[in-house]
Structure formats: structure tokens, C-alpha cells
*Asks:* 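The following block contains the structure, expressed as C-alpha cells.
Keep in mind that what you see is a predicted model, and the values were worked out from it rather than measured.
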Amino acid sequence: MSKVFALIPARGGSKGILQKNIAPLLDQPLIAYTIQAAHSSEVIDSIFVSSDDDQILSVAHYYNAERIKRDPHFARDESPVDPVVGEFIHRVKPADKDIIILLPPTSPLRTAKHIREALAEFNDFPTCRGLISVYEISNKLMKAYVSGGEFLHPLAGEHNPYSSRHDLPSLYMPNNAITIFKVEDFLREEKIPHIHLIPYLMSLSDSLEIDVDEDLALAEKRLFQ
């Protein structure tokens with residue numbers, strides 16, 4: 001039977017908030033909300049935190065997550081997450097059919113329920129290569145024009161600016177809270193799959209992603225509700 005691994009990428013550097021991933025949120029460091037949600041979901045076999053920062057790894061240990069000391073080359077501002085996943089697979093050696101749930105620590109309103117539901121959707125759709133969490137946005141953006149050269153050009157097709165919103169497709173924005181894929185689908189190109197994806201729909205409120213101090217203040221209010 002396939003195992004399910006949670007991978008929480010939490011590098012030490014941050015531009016918007018100093019040591020963002022362990023910044024205090026109410027009575028806990030930010031990363032604790034993600035680790036606790038993963039534990040409480042009861043669908044994950046092992047939880048790993050990948051970080052270049054010893055303080056973050058110490059916090060991860062306190063909250064009963066396993067630790068991977070990340071190669072500093074994979075912890076720069078511009079570093080993509082794909083090498084972090086590759087490093088995890090190289091060190092932990094999960095089986096091809098095992099499942100990885102990527103859970104960035106910057107989504108404290110993502111709950112155990114969200115994780116359970118997303119994994120159930122992923123397992124119910126065997127032909128997909130991945131799942132991403134999203135929230136719905138207004139489809140009136142399909143009516144937009146872009147500049148280029150002398151004239152305006154329809155962003156999403158020449159007929160869309162004149163279509164009724166009821167005739168336009170629904171639009172969804174990734175919220176970076178949950179990404180799910182199998183090890184074998186990552187190893188095809190050493191990348192998180194970007195095709196044959198299915199969505200897990202979350203509310204705009206629950207999709208809050210921590211980037212600046214104002215986001216922490218908003219998260220505190222919503223956690224009190």
C-alpha cells in the first residue's frame with residue numbers, strides 16, 4: 001500500500017517578515033499550524049520539514065516532525081521548490097507509488113479537514129498527475145484586453161470581451177496551500193507535475209497566504225473566529 005508523506009518546505013530567509021516561517025502567530029510559531037494540521041489529518045504516514053535553518057528545524061522537532069537539513073543552494077530567494085522535492089526523494093527514498101503532499105507553512109488557515117478532503121479527491125481521480133488547492137476568482141477577467149503594439153488585443157480570445165459572464169468558464173487561482181502528486185510523476189521530469197491537474201477548492205478566506213506583517217494580523221483575527 002502506498003505511503004503518504006507530508007513535505008513542509010521552510011527556508012530560513014525571508015524578505016517581508018524576518019524568520020517568517022517561525023514568526024509568532026497567537027501563541028505558536030507560524031509553521032506549527034501546518035505541522036499540527038498534518039498530524040491531525042490522520043492520513044499522513046510521515047511529516048518532514050525541509051530547511052536550511054537550524055532554528056526552524058528545532059521548532060519542527062518540538063512539534064514532532066522529522067527534519068531534513070536543506071542544501072543552502074536550494075534555499076535562496078529565487079530557488080524553486082522542485083529541487084527541494086528532489087532532495088527529499090533522494091534522501092528519504094519513497095517508493096514510486098508513494099504520495100507527497102506539499103504543505104508550505106505560510107498557509108495557517110489550511111486545516112486537517114482540507115488535507116483529508118484534498119487527498120480523498122486525489123485518490124478518487126487515478127488518471128490525474130497532481131492536485132492543487134485553489135480559490136475561485138471572477139471570470140470577468142476573461143473580458144480583459146492587453147496592450148501590444150498599436151492596438152489592444154483580447155487576453156483570452158477575440159469573442160470573450162463581448163460574451164455574457166454566464167457563458168464564460170469559471171476561473172481558479174492557486175493558493176499554494178496544498179499540492180499533491182506521486183513520486184513517479186515527479187521523477188518523470190524532476191518537476192512537480194503541471195499537466196493533468198485537478199483542483200481542490202478552498203474559500204478565499206482560508207486561502208490566506210502569509211507574506212507581510214498585515215497578513216499575520218489578518219490570520220490572528222480569522223483564527224479567533
*Asks:* Begin with the C-alpha distance, continue with both residues' side-chain angles, and end with the deciding distance and a verdict on side-chain contact (heavy atoms from CB on, under 4.5 Å) for Leu131 and Leu197.
*Replies:* CA-CA 5 Å; Leu131 174 147; Leu197 302 179; over 6 Å; no
*Asks:* Which atom names give the shortest non-hydrogen contact between Ala60 and Arg67, and what distance separates them?
*Replies:* CB-CG, 4.2 Å
*Asks:* Minimum heavy-atom separation for Thr127 to His196, with atom names?
*Replies:* O-CB, 4.5 Å
*Asks:* Would you call Asp54 and Lys69 a salt bridge, using N to O less than 4.0 angstrom?
*Replies:* yes
*Asks:* Which other residues end up in the same hydrophobic cluster as Phe151, if Ile, Leu, Val, Met, Phe, Trp and Tyr are linked when side-chain heavy atoms come under 4.5 Å apart?
*Replies:* none
*Asks:* Can you tell me if CD on Glu220 sees more than 12 non-hydrogen neighbours from other groups inside 6.0 Å?
*Replies:* yes
*Asks:* Report the C-alpha distance between Lys143 and Leu168 in whole Å, list the side-chain angles of each, state the deciding distance to 0.1 Å, and finish with yes or no for side-chain contact (heavy atoms from CB on, under 4.5 Å).
*Replies:* CA-CA 9 Å; Lys143 292 174 168 284; Leu168 295 173; 4.1 Å; yes
*Asks:* Ring pair (Phe, Tyr, Trp, His ring centres under 6.0 Å): which pairs involve residues 16-72, sequence neighbours left out?
*Replies:* Phe48-Phe88
*Asks:* So, taking the atom named CD in Glu189 and the one named CG in Asp82, what distance separates them when rounded to the nearest 0.5 Å?
*Replies:* 10.0 Å
*Asks:* Hey, does the side chain of Ser163 reach the backbone of His159 with a donor-acceptor pair shorter than 3.5 angstrom?
*Replies:* yes
*Asks:* Please report the closest heavy-atom contact between Asp211 and Lys20, naming both atoms and the distance.
*Replies:* OD1-NZ, 3.9 Å
*Asks:* If you round to the nearest 0.5 Å, how far is CD1 of Ile31 from CD1 of Ile8?
*Replies:* 5.5 Å
*Asks:* Locate the shortest heavy-atom distance separating Pro161 from Tyr145; write the atom from each residue and the value.
*Replies:* CB-OH, 3.4 Å
*Asks:* Check for a donor-acceptor pair, side chain of Arg110 on one end and backbone N or O of Ala177 on the other, with a separation under 3.5 Å.
*Replies:* yes
*Asks:* Grab the two heavy atoms, one from Leu109 and one from Asp206, that are nearest each other, plus how far apart they are.
*Replies:* CB-O, 3.7 Å
*Asks:* Say you draw a straight line from NZ of Lys182 to SG of Cys128; how long is it, rounded to the nearest 0.5 Å?
*Replies:* 8.0 Å
*Asks:* Quick one: CD1 on Ile44 to CZ on Arg116, what's the gap to the nearest 0.5 Å?
*Replies:* 10.5 Å
*Asks:* Looking at every non-hydrogen atom in both residues, tell me the closest pair between Ser2 and Asp45 and how far apart they are.
*Replies:* O-OD2, 4.4 Å
